[in-house]
**Q** 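Quick one: structure below, then a few questions.
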Amino acid sequence: MSEEKKIKRRTSYFATLRTLYAKELKSYLCTPFGWVIMGCTMFLLGYCLQSVIEIMTKAATGESVTYYLLSNIHFWFYFIFIFPLITMRSFAEEERQGTLEGLLTAPVSTMQIVLGKYLATYTFYLLLWVPLLLYPWMSRVANMYTELRYGIVPEGEITYLLADWYGPLCILALSGAFFIALGLLCSAMTRSQIIAGILSTSLMISYYFMGRITELWGEFRAAPAFHYISCTEQVSSFSRGLLDTRPLVLYLSLTILTLALVKRVVDYRRWTR
């Protein structure tokens, strides 16, 4: 095959992938579904943050707000439930509407379909956390207003630093990459959104509690493996600015493996029609 044909084929591949990606992303950003999820996420995050601020105000501590926020078990329950909501409709909804059959019989590869849905869902997931970057600015504005309006510095003032969010956002992005792939796998395995949501929620909660087994049973021979996958320990490290490459390798490996399984499942459904 000539070099020119290879370039044309590669260009055509990415053009098709970009079209599928834009279609999926539009289903989140151009419908009430995506904005309702974003609003609920911000509400629950604000509720968790308020609880954390109350704890930090009463207790003298040098830890950052983000450390307490992401170490809170309530935050992780809200966090985990985001993924079934944004992934359970990916394949299951198309199956219910009858559009998946047309997509699978179109001249596009299975990997293009999987990557288009995955990248669009992951982009939307990352957009959910963009408002977090406004928190330090909003905190400074609120404190300045209180000082100018009343002439006093608020008691128990909590300082937000943008640098404190870099580590937590990194671990949220890494873990989210795997959880979204896991949600797509569950959606591809069934025609029901409810079943896909329940299955993905169960798997994610199981994964979260596997990392906390050492807290319940103490140290044992296989404990290092559970420390390795512990979400809370990863958050603790990243919130303190200790960027570790082990979570990067872990989540990227799990993401690639899970997407490969999604492709196999979709291929099976494609050739059994």
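If you read the sequence from its start, that first residue is 1, and numbering goes on from there.
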**Q** Find out whether Leu20 and Lys117 are in side-chain contact, i.e. whether some heavy atom of one side chain is under 4.5 Å from a heavy atom of the other.
**A**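 Leu20 vs Lys117: side chains apart.
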
**Q** Name all residues meeting the side chain to side chain contact (heavy atoms under 4.5 Å, CB included) criterion together with Ile194; count only those two or more places apart in sequence or in a different chain, and write none if there are none.
**A** Ser192, Ile198

**Q** Count I, L, V, M, F, W, Y as connected when their side-chain heavy atoms are under 4.5 Å apart, and connections chain through other members. Are Leu126 and Leu25 then in the same cluster?
**A**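 Yes, one cluster joins them.
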
**Q** Is any side-chain heavy atom of Phe79 less than 4.5 Å from a side-chain heavy atom of Ser175?
**A**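 Counting from C-beta outward, Phe79 and Ser175 do come under 4.5 Å.
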
**Q** Where is the tightest heavy-atom contact between Thr16 and Val108, given as atom of each residue plus distance?
**A** CG2-CG1, 3.3 Å

**Q** Just jot down the side chain to side chain contact (heavy atoms under 4.5 Å, CB included) partners of Leu257, sequence neighbours excluded, or say none.
**A** none

**Q** Could you give the distance from CG (Leu259) to CG (Leu184), rounded to the nearest 0.5 Å?
**A**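 Taking CG in Leu259 and CG in Leu184, the distance rounds to 7.0 Å.
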
**Q** Taking atom CG of Leu115 and atom CZ of Arg18, what is their separation to the nearest 0.5 Å?
**A**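 Nearest 0.5 Å value for the CG-CZ distance: 14.5 Å.
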
**Q** Would you mind listing every ring-ring contact (aromatic ring centres under 6.0 Å, His included) that reaches into residues 19-45, with sequence neighbours excluded?
**A** Tyr28-Phe124

**Q** Measure the acute angle between the ring planes of Tyr118 and Tyr122, then classify it against the limits of 30° and 60° as parallel, tilted or perpendicular.
**A** parallel

**Q** Please determine whether side-chain contact (heavy atoms from CB on, under 4.5 Å) holds for the pair Leu127 and Leu29, giving the CA-CA distance in whole Å, both sets of side-chain angles, and the decisive distance to 0.1 Å.
**A** CA-CA 10 Å; Leu127 290 175; Leu29 300 181; 4.1 Å; yes

**Q** Could you list the residues that satisfy side chain to side chain contact (heavy atoms under 4.5 Å, CB included) with Thr201, not counting sequence neighbours?
**A** Phe81, Pro84, Ile205

**Q** Could you walk me through whether Leu172 and Tyr125 pass the side-chain contact (heavy atoms from CB on, under 4.5 Å) check?
**A** CA-CA 10 Å; Leu172 290 178; Tyr125 165 76; 3.9 Å; yes

**Q** Using side-chain contact (heavy atoms from CB on, under 4.5 Å), reason through Thr110 and Tyr268 one step at a time and then give a plain yes or no.
**A** CA-CA 10 Å; Thr110 304; Tyr268 174 79; over 6 Å; no

**Q** Among all residues two or more places apart in sequence or in another chain, which pass the salt bridge (Lys or Arg N to Asp or Glu O under 4.0 Å) test with Lys23?
**A**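 Checked Lys23 against salt bridge (Lys or Arg N to Asp or Glu O under 4.0 Å); matches are Glu94.
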
**Q** Can a donor-acceptor pair be found, under 3.5 Å and without considering hydrogens, that links the side chain of Tyr208 to the backbone of Ile80?
**A** no

**Q** Would you confirm whether Tyr251, through its side chain, and Ile171, through its main-chain N or O, come within 3.5 Å as a donor-acceptor pair?
**A** no

**Q** Look up atom CD in Gln112 and atom OG1 in Thr19, then write down how far apart they are to the nearest 0.5 Å.
**A** 9.5 Å

**Q** Say whether Leu85 and Val130 are linked into one hydrophobic cluster, either directly or through other cluster members, by side-chain heavy-atom distances under 4.5 angstrom.
**A**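 Looking at the clustering, Val130 is in the same group as Leu85.
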
**Q** Nearest 0.5 Å, what's the CG-OG1 distance between Leu174 and Thr255?
**A** 8.5 Å

**Q** Please list all pairs meeting ring-ring contact (aromatic ring centres under 6.0 Å, His included) that have one or both residues in residues 171-194, counting only residues at least two apart or in different chains.
**A**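 Applying ring-ring contact (aromatic ring centres under 6.0 Å, His included) to every pair that reaches into residues 171-194, excluding sequence neighbours, yields Phe83-Phe179, Phe178-Tyr207, Phe179-Tyr207.
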
**Q** If two hydrophobic side chains count as joined below 4.5 Å and joins carry through other members, does Leu199 share a cluster with Met210?
**A** yes

**Q** Leu252 and Met204: same hydrophobic cluster, using ILVMFWY side-chain contacts below 4.5 Å?
**A** yes

**Q** Side chain to side chain contact (heavy atoms under 4.5 Å, CB included) with Thr87: which of Thr121, Leu182, Leu185?
**A** Thr121

**Q** Could you give the distance from OG (Ser200) to CD1 (Ile195), rounded to the nearest 0.5 Å?
**A**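 The CD1 atom of Ile195 is 11.5 Å from OG of Ser200, to the nearest 0.5 Å.
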
**Q** Per the side chain to side chain contact (heavy atoms under 4.5 Å, CB included) rule, which among Cys186, Ser27, Ser187 passes with Ser90?
**A**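 Testing each of Cys186, Ser27, Ser187 against Ser90, the sole residue satisfying side chain to side chain contact (heavy atoms under 4.5 Å, CB included) is Ser187.
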
**Q** Where do Met42 and Leu128 come nearest, in terms of heavy atoms and distance?
**A**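 Met42 and Leu128 have their closest heavy atoms at CE-O, 3.0 Å.
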
**Q** Can you tell me how far OG1 of Thr190 sits from CE of Met88, rounded to the nearest 0.5 angstrom?
**A** 12.0 Å

**Q** Are Leu254 and Leu248 connected, step by step, through hydrophobic side chains (Ile, Leu, Val, Met, Phe, Trp, Tyr) whose heavy atoms are closer than 4.5 Å?
**A** yes

**Q** Any side-chain heavy-atom pair from Phe91 and Val265 closer than 4.5 angstrom?
**A** no

